Participant: 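Pasting a structure here, questions to come.
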Number of protein chains: 2
Amino acid sequence: MNPLTMKVACSNCNLRELCMPVDLNAQELQRIDEVVAVRRKIRRGTPLFRNGEPFTSLYAIRTGFFKTCVATEDGRDQVTGFQMAGEIIGLDGIVNDHHTCDALALEDAEVCVMPFDRIEELSREITALQHHVHKIMSREIVREHGVMLLLGSMRAEERLAAFLLNLVQRLHARGFSRSELVLRMTREEIGSYLGLKLETVSRTFSKFVEEGIVEVNQRHVRLLDIDALKRIVNSQQTCH
Amino acid sequence: MNPLTMKVACSNCNLRELCMPVDLNAQELQRIDEVVAVRRKIRRGTPLFRNGEPFTSLYAIRTGFFKTCVATEDGRDQVTGFQMAGEIIGLDGIVNDHHTCDALALEDAEVCVMPFDRIEELSREITALQHHVHKIMSREIVREHGVMLLLGSMRAEERLAAFLLNLVQRLHARGFSRSELVLRMTREEIGSYLGLKLETVSRTFSKFVEEGIVEVNQRHVRLLDIDALKRIVNSQQTCH
DNA sequence: CGCGCGGTTGAAATCCTTCAAATCCTGTGG
DNA sequence: CCACAGGATTTGAAGGATTTCAACCGCGCG
């Protein structure tokens, strides 16, 4: 089959098990293909959607890397997550029919556009899809609980260690190394996500390097001692 | 009608518009009553559910006040939210069929138990219910974005001010005063939610009192200058 | 080749936490 | 009904972690 003419469809997408339910029969699988309206390419640095825009669709990331961020009136903003291939963005828009955050591509990306009314329609018929949608939303809620725990109770080193472990774990699930990664975001964006200033992120990286836990060359990071990172995350530095 | 024998049903629940869709016809409304299996009373200080327990149901709070919290292996924990009448708890359990946080009653409470498989079943038939479930989950995601913003980028005073405003706004939507509230949680629980130590919470309250912004008597709080609180929240204390 | 953004590092300042002690409240048992 | 115990809250003083301000480095791009 000529890959250039290969049908754009979930049924032959290698990321399917990441963004679609797994237990589908052939007929259901075929119907699922109807969910994806089109694919859309997003250039690095440009938005997939912005705060305030009407909500129409969820987006499954095919390639590339995104950040989502919320902002206050007074100009502060907070990165709420980094998303990679197989993950779903746009859930924030459902409640008010408008997006409440920005989604920006950190590298050239491609997403599958899934109109939400079509998702709702199909998931009334395909139980597995319905349940899948629920799980995806619940997963996002649980993920955010984790971030709240991190932001609310961890010190800088713990936050960065948790961040690196989370990132490499997700990359590994996608076939990449379990100990090497290329950061697609700046120190400032990492800092925003972790509730730290960019200088603190940089210093904490340096500290890890000194201790021989990681190797850092710009955006390229190698985790030399994953157990040490894990120990840092659940250290609970109490001295008594 | 004798209130003691009044049927336990959404159709005659005064909180209906808070936890159920509004645009239902009579027949649908009647079917919705099937969603609530039973009501359950929870004594102050006892759990509605705990981390690790199998997930079966969502819970709509009828009366009372809850906190939800997540914990790490090393014993740290983080309050992820405070919930009051009309709000839904349990969404965290959907993704893995097990709860991933604790829900504790902060005062004697009563909840409507809504088995999730029944919710899924009915929402395949009643579009409004389906959409409502999606909105509730999306709303929770958006709420958590707000908490992340608070935890990641606000100083102590801003956090407490935002907390008080949020609480009083939700209480007001339930018919309570727009400027007076009784805290159902300890300073420590507030601190956990806001990523602060209890002493910091206490000190910040004292500061607000000194400045004449609020009046505090133990758990009883009166907001004297709501605009000042709002100004504190979006102050973005930069000096240049 | 130089500009500029992203990153690193140092020193001082700030905010929050920690530790400690006193006080206030609440619920319980006599 | 009162006394008491224990938890909750407040407040002070000292310490620590992160931020702020500032300077410098270095890689990539025009």
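This is a predicted model, so every value here is computed, not measured. Below, read A as the first sequence line, B as the second, and so on, with proteins coming before strands; counting in each chain starts at 1.
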Participant: Figure out the CZ/C1' separation between B:Arg159 and C:dC15, and round it to whole Å.
Facilitator: 11 Å
Participant: Across the strands shown, which category fits A:Arg219 at heavy-atom distances under 4.0 angstrom: base, sugar-phosphate, nothing?
Facilitator: sugar-phosphate
Participant: Heavy atoms from C-beta onward define the side chain here; which of D:dT10, D:dC21, D:dT11 lies closest to that of A:Glu199?
Facilitator: D:dC21
Participant: Return the value, rounded to whole Å, for the distance between atom CD of B:Glu157 and atom P of C:dT14.
Facilitator: 15 Å
Participant: With the threshold set at 4.0 Å, does a side-chain nitrogen-carboxylate oxygen contact exist between A:Arg44 and A:Asp108?
Facilitator: no
Participant: Both A:Phe205 and B:Met154 contact DNA chain C. Which one's nearest nucleotide lies toward the 5' end?
Facilitator: A:Phe205
Participant: Should A:Arg184 and A:Glu189 count as an ion pair when the cut-off is N to O under 4.0 Å?
Facilitator: no
Participant: Which of the following nucleotides, C:dT8, C:dT17, D:dT11, is nearest to the side chain of B:Ser202?
Facilitator: D:dT11
Participant: For C:dT17 and B:Thr200 - does any side-chain N or O of the residue sit under 4.0 Å from the phosphate oxygens OP1/OP2?
Facilitator: yes
Participant: Would you kindly give the CZ-to-P distance between B:Arg44 and C:dG27, to the nearest whole Å?
Facilitator: 7 Å
Participant: Tell me what B:Leu196 touches on the nucleic acid: a base, only sugar-phosphate, or nothing, going by heavy atoms under 4.0 Å.
Facilitator: sugar-phosphate
Participant: Of the nucleotides C:dC15, C:dT8, D:dA17, which one has an atom closest to the side chain of A:Arg155?
Facilitator: D:dA17
Participant: Are B:Glu110 and B:Arg40 close enough for a salt bridge, meaning some N to O gap below 4.0 Å?
Facilitator: no
Participant: If I take atom CD in residue A:Gln218 and atom C1' in nucleotide D:dC27, what distance separates them, rounded to the nearest angstrom?
Facilitator: 7 Å
Participant: Are any of the side-chain nitrogens in B:Arg76 or A:Glu158 under 4.0 Å away from the carboxylate oxygens of its partner?
Facilitator: yes
Participant: Just how far, in rounded Å, is C1' of C:dT9 from CG of A:Leu198?
Facilitator: 12 Å
Participant: Is the shortest side-chain N to carboxylate O distance from B:Glu87 to B:Arg143 below 4.0 Å?
Facilitator: no
Participant: Which part of the nucleic acid, if any, lies within contact of B:Thr186, taking any heavy atom under 4.0 Å across all strands shown: a base, the sugar-phosphate backbone alone, or nothing?
Facilitator: sugar-phosphate
Participant: Taking CG from A:Leu151 and C1' from C:dC16, how many angstroms apart are they, rounded to a whole number?
Facilitator: 16 Å
Participant: B:Leu183 CG to C:dC25 C1': how many Å, rounded?
Facilitator: 15 Å
Participant: Identify whether any heavy atom of B:Gly195 sits under 4.0 Å from a base atom; if not, whether one sits that close to sugar-phosphate; answer base, sugar-phosphate or nothing.
Facilitator: sugar-phosphate
Participant: Nearest of C:dG27, D:dT19, C:dT8 to any side-chain atom of A:Lys197?
Facilitator: D:dT19
Participant: Between the base of D:dG12 and the side chain of B:Arg203, is there a donor-acceptor distance below 3.5 Å?
Facilitator: yes
Participant: Quick one: B:Glu188 CD to D:dG7 P, roughly how many Å, whole number?
Facilitator: 12 Å
